[in-house]
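Written below as structure tokens is the structure these notes are about.
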Amino acid sequence: MTATRVLVLNSGSSSVKYQLLDMRDSSRLAVGLVERIGEATSRLVHTPLAGGGDERRERSGPIADHDAALKAVADELAHDGLGLDSPELAAIGHRVVHGGLRFSAPTVITDEVLAEVERLVPVAPLHNPANITGIRTAQALRPDLPQVAVFDTAFHTTMPEAAARYAIDVETADAHRIRRYGFHGTSHSYVSRATARLLGKDPSEVNVIVLHLGNGASASAVAGGRCVETSMGLTPLEGLVMGTRSGDIDPAVTFHLKRVAGMSTDEIDALLNKKSGLVGLCGDNDMREIRRRMEEGDERARLAFDIYVHRLKKYIGAYYAVLGRVDALAFTAGVGENAAPVREAAIAGLEGLGLAVDAGLNAARSGEARLISPAGARVAVAVVPTDEELEIARQTFELVK
């Protein structure tokens, strides 16, 4: 029997998201989430999908650590005849947020690979430790099975040095690994290729601007299938206005807050990462709620929306200049896929660049990849649902098959 299944794990500091896929047809056999790990109120939500089933099961109660969480996941999968001991399981694919410059492709995990991921913890302190914990736990459960790391940063390693370097002292930058790495790479990779398919072209023939707009948000310029620029930098803080992150800001603001407001480094970090962006501007980071408040005449909500859209326009224009020729602009992730007013506002006034949306197509709800630009538009505008789990599974399976 040929092994064709891949288990995808996304381990957070207190959660594990997972999907089991069959790569013969990219179908999902099961999906689930373990959350609040280490708390008395832990919860596991599991949905088996094999054979057309979708009966969700939940269990509540303390789950002490990631080891217990993955054992609980294994039990749920075994209940559906999809256990980790199945000979049909080809590999486990792990989302790893930061791979630095060394990892530009999916990588079979060895002790050496894990050591390098650990060395990158200072530039990804919230994410890499949790990713490492998930990997080690999965290795203990199936030490004989290939475990593959798929890095959020890998897709962006093709950026030229002119885009990736910050204009600071080179020796200092190199000593402390300071450069633009970019994130959401699996999403940008998947969406740029899916957009090319939507146009009936090979990715090597297409230049695409991808806007990944969720609570975290990032933009990328993709030329012929290769990333040449992205908005997030050393950390996911740089770039677009996000749900709770500021995005681009004058670095001197941090010095000002320390000197004038007496804020500590940790307080400034929390301000820019957790209390800024949309929530800092208007108290809400849900675009649906912001739109509702705007319709009621709320000026703070209106200002937050306008700042969010203004930043989007700046990046669209900048990436148009970087690419020189743009074949498509693709919106993806929660806001990008579902907030028609954001898409309309981001494109408004850019007709001179060949960008426009058809009001009817833009307003229509759909879970499918689709064009929302008018027929014959010079630049295609698309809505392309992202699928990071499928991308991780695809890259994992192609490496080990």
Side-chain angles (χ1 to χ4, degrees), residues 5-23 26-39 41-50 54 56-61 63-80 82-84 89 91-99 106 109 117 124 126-139 141-142 147-153 183-191 212 214-216 236 243 332-334 337 385-397:
R5 295 175 181 172
V6 174
L7 177 64
V8 175
L9 295 178
N10 181 352
S11 299
S13 57
S14 62
S15 68
V16 174
K17 297 177 184 176
Y18 63 94
Q19 291 194 13
L20 180 66
L21 298 95
D22 190 329
M23 299 314 295
S26 300
S27 62
R28 285 170 173 76
L29 304 178
V31 302
L33 166 69
V34 187
E35 59 184 351
R36 298 193 289 272
I37 295 171
E39 300 180 21
T41 56
S42 305
R43 185 174 75 122
L44 187 155
V45 180
H46 175 85
T47 305
L49 301 173
D54 60 356
R56 190 170 84 162
R57 301 195 298 268
E58 292 191 30
R59 64 160 95 167
S60 299
I63 297 177
D65 50 30
H66 283 71
D67 182 62
L70 281 184
K71 286 177 179 176
V73 170
D75 289 344
E76 291 296 335
L77 291 170
H79 181 273
D80 302 316
L82 304 169
L84 296 189
L89 188 61
I92 298 177
H94 297 265
R95 179 198 180 213
V96 179
V97 167
H98 214 308
I109 298 168
V117 173
L126 298 179
H127 299 97
N128 274 29
N131 301 154
I132 292 166
T133 299
I135 290 167
R136 286 185 169 144
T137 301
Q139 286 177 324
L141 287 174
R142 280 298 306 268
Q147 312 263 342
V148 175
V150 178
F151 298 93
D152 269 12
T153 49
F183 299 89
H184 296 145
T186 51
S187 178
H188 287 282
S189 173
Y190 177 87
V191 170
H212 176 108
N215 192 50
T332 194
E337 293 170 29
T386 192
D387 198 332
E388 294 176 85
E389 290 77 16
L390 177 58
E391 180 71 6
I392 292 170
R394 181 191 68 79
Q395 293 188 28
T396 297
F397 189 64

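- Under a 3.5 Å cut-off, the side chain of S189 and the backbone N or O of G185 do not form any donor-acceptor pair.
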Step by step, work out the side-chain contact (heavy atoms from CB on, under 4.5 Å) result for H46 and H79.
CA-CA 11 Å; H46 175 85; H79 181 273; over 6 Å; no
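- Considering all non-hydrogen atoms of both residues, V97 and H127 come closest at CG2-CB, 3.4 Å.
- The shortest heavy-atom contact between I37 and H66 is CG2-N, 3.9 Å.
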Go through it in stages, so that I can follow the logic: the residues are V31 and E389, the test is side-chain contact (heavy atoms from CB on, under 4.5 Å), and I'd like the CA-CA distance, side-chain angles, deciding distance and then a yes or no.
CA-CA 10 Å; V31 302; E389 290 77 16; over 6 Å; no
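- D152 places no side-chain N or O within donor-acceptor distance of the main-chain N or O of F183, the cut-off being under 3.5 Å.
- For the pair L84 and L89, the tightest heavy-atom approach, listed with the atom from each and the gap, is O-CD2, 3.7 Å.
- In this structure, G99 and T153 approach most closely via the heavy-atom pair N-OG1, 2.9 Å.
- Salt bridge present: K71 and D67 bring a charged side-chain N and a carboxylate O closer than 4.0 Å.
- Between R28 and the options T47, D22, D387, a side-chain hydrogen bond (donor to acceptor under 3.5 Å, both in side chains) holds for only D387.
- The existence of a salt bridge linking E388 and R95 is excluded, since no basic side-chain nitrogen approaches an acidic carboxylate oxygen closer than 4.0 Å.
- In this structure, H184 and H212 have parallel ring planes: the angle between them is below the 30° cut-off, well short of the 60° mark.
- Listed here is the closest heavy atom pair of H94 and A138: CE1-CB, 3.6 Å.
- Remark: the backbone N or O of S11 is paired with a side-chain donor or acceptor of N131 at under 3.5 angstrom.
- Closest approach of T332 to E337, counting heavy atoms only: OG1-OE2, 3.3 Å.
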